[in-house]
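Shown next, in structure tokens, is the structure this report addresses.
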Amino acid sequence: MNVGILALQGAFAEHAAMLDRIGADHFEIRRKKDLSRHFDALILPGGESTVMGKLLRELELYDPLLAMIKGGMPVFGTCAGLLLLADEIEGGERCFGVMDINVRRNAYGRQLGSFYTESDFDTAGTVPMEFIRAPYIKSTGPRARALACVDGHIVAARQENMLVTSFHPELTESTVVHEYFLDMI
Ligand code: GLN
């Protein structure tokens, strides 16, 4: 199994380290020709969604990646990666717009910009969650399913081939969420 990690900006190296720990092959997607490699799944990391959206278009990665995601490529978006996949965003711009979730960007305000907590994640038990200027999911449409909540807000969801978390599992010690994603493949 080989996982392509979008590596334009943000926390891509931490996802690579996580995949190393669970023994999954991976490579960085930085330019169009990287997409000619074979891969079974895609990770969209945290960072700055507006910058990533702009770079995706400038580097002509937007259309081919959108086609792959629509074609069923398993994709895991964390934080800014969640924003790239969301269909509706308050306070930000729609990018791929493929996931039936309505999201509030920078939802925790300045004071609570970054925090750590633990909460249940679907059937996988309690996982550590690192939040950094995170969005949360205000609501899910009929095709998406909430997987985790913190303080009454949805912070993880799944829809068909797509998994999103508003927190950063790659910044914690737990490999649970990455293993959950690899199980989707
Ligand atoms: N606030 C960032 C954005 O809007 C996301 C933060 C993150 O990925 N840690 O893109």
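Just follow the structure's listing: the first ligand is 1, and inside any ligand the first atom is 1.
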the protein heavy atom lying closest to atom 1 (N) of ligand 1 turns out to be Asn106 OD1, 2.7 Å
At under 4.0 Å between heavy atoms, what of Arg105 touches ligand 1? The answer is side chain
Honestly, for Thr78 the part within reach of ligand 1 (heavy atoms, under 4.0 Å) is neither
Under 4.0 Å from one or more heavy atoms of Gly46, ligand 1 contributes atoms 8 (O)
Between the CE atom in Met184 and the CG atom in Asn161, the distance rounded to the nearest 0.5 Å is 6.5 Å
shortest atom 5 (C) of ligand 1-to-protein heavy-atom contact is with Gly47 O, 3.3 Å
Contact region, Thr50 to ligand 1, non-hydrogen atoms below 4.0 Å, reads neither
The closest protein heavy-atom partner of atom 7 (C) of ligand 1 is Cys79 SG, 2.7 Å
ask   = Does a side-chain heavy-atom distance below 4.5 Å link Asn102 with Lys138?
value = yes
- Message: Looking at Glu14 and Arg21, is there a salt bridge between them, counting it only when a charged N and a carboxylate O are closer than 4.0 Å?
- Response: no
Numbered in order shown, the ligand 1 atoms found under 4.0 Å of a heavy atom of Ser49 are 3 (C), 4 (O), 10 (O)
Taking only non-hydrogen atoms of Leu83 and a 4.0 Å limit, the atoms of ligand 1 in range are 3 (C), 4 (O), 10 (O)
If only side-chain N and O atoms count, and only distance matters, is there a donor-acceptor pair under 3.5 Å linking Thr78 with His15?
yes
Checklist entry - Is any side-chain heavy atom of Leu8 closer than 4.5 Å to a side-chain heavy atom of Leu61? => result yes
Q. Does His168 come within less than 4.0 angstrom of ligand 1, counting non-hydrogen atoms of the residue?
A. yes
Original post:
Counting only heavy atoms not in Asp183, do more than 12 sit closer than 6.0 Å to its CG atom?
Top reply: yes
ask   = In terms of side-chain geometry, is the basic nitrogen of Lys54 or Glu48 positioned less than 4.0 Å from the acidic oxygen of its partner?
value = no
